[in-house]
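Notes to accompany the following structure.
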Amino acid sequence: MSGNGASSSSLNMISGEDVVNNNLSALVVDDSPLLRLLHDIHLKKYGLKVQVAENGKVAVDLFHLGASFDLVLMDKEMPVMNGVEATKELRAMGVTSMIVGVTSKDGAGEQQAFMEAGLDYCFEKPLTPEIISFLLEELNKHNKD
């Protein structure tokens, strides 16, 4: 896992009940229908409004059409437009949403290249409820600023 100071010990100390927020929205971008569904279910448990996209181009197109999300879960390896390209494009468009890379490859080099595209965090998939709780707590902190 890579990111801004996220450690396994900090992830274990967060209670999911503390981060429920009905005002947050998320976009799950993954070519796997199973992982889209899994992440969709986890996020909805925390009260988020969730939309899904099957590749990076669909995600970029949603933002071009005026959609906005507080959180974007971005798979790295997808057809049409991969997560690295989509993340770079979203950042170039001025998107300030928290973008979290989700990858099946745990290699530091793989995650580093993805992080350099403009991610806020990068985790191995699937995301656990503890990681989602951590991310939502981080979002809540940023929304209070």
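Keep in mind the model is a prediction, meaning the values are calculated, not measured.
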Between the main-chain N or O of V102 and the side-chain N or O of Y121, is there a donor-acceptor pair closer than 3.5 Å? no
Residue pairs passing the ring-ring contact (aromatic ring centres under 6.0 Å, His included) test with at least one member in residues 68-101, sequence neighbours excluded, are F63-F69
Scanning both residues in full, the closest heavy-atom pair of G118 with R91 reads O-NE, 2.8 Å
Non-hydrogen atoms of R36 and A53 that approach each other most closely: CD-O, 3.5 Å
Connected hydrophobic set around L34, excluding itself, where side chains approach under 4.5 Å: none
Please identify each residue that fulfils side chain to side chain contact (heavy atoms under 4.5 Å, CB included) with S68, with sequence neighbours left out. none
Salt bridge (Lys or Arg N to Asp or Glu O under 4.0 Å): which pairs involve residues 65-76, sequence neighbours left out? D75-K125, K76-E110
Just to verify, what does L38 make a side chain to side chain contact (heavy atoms under 4.5 Å, CB included) with, not counting sequence neighbours? L35, H42, P126
Please enumerate all residues that pass side-chain hydrogen bond (donor to acceptor under 3.5 Å, both in side chains) together with E116, with sequence neighbours excluded. Q112
Among residues at least two apart in sequence or on other chains, which ones pass side-chain hydrogen bond (donor to acceptor under 3.5 Å, both in side chains) with K44? D40
Distance-minimising heavy-atom pair for V29 and A59: CG2-CB, 3.7 Å
With sequence neighbours left out, write down each residue that passes side chain to side chain contact (heavy atoms under 4.5 Å, CB included) with E89, or none if nothing qualifies. V60, H64, M81, M93
Applying side chain to side chain contact (heavy atoms under 4.5 Å, CB included) to I41 and not counting sequence neighbours gives L37, K45
Of all heavy-atom pairs linking M78 and N55, the shortest is SD-CA, 3.6 Å
Taking only residues two or more places apart in sequence, or in another chain, which ones meet T128 in a side-chain hydrogen bond (donor to acceptor under 3.5 Å, both in side chains)? E130
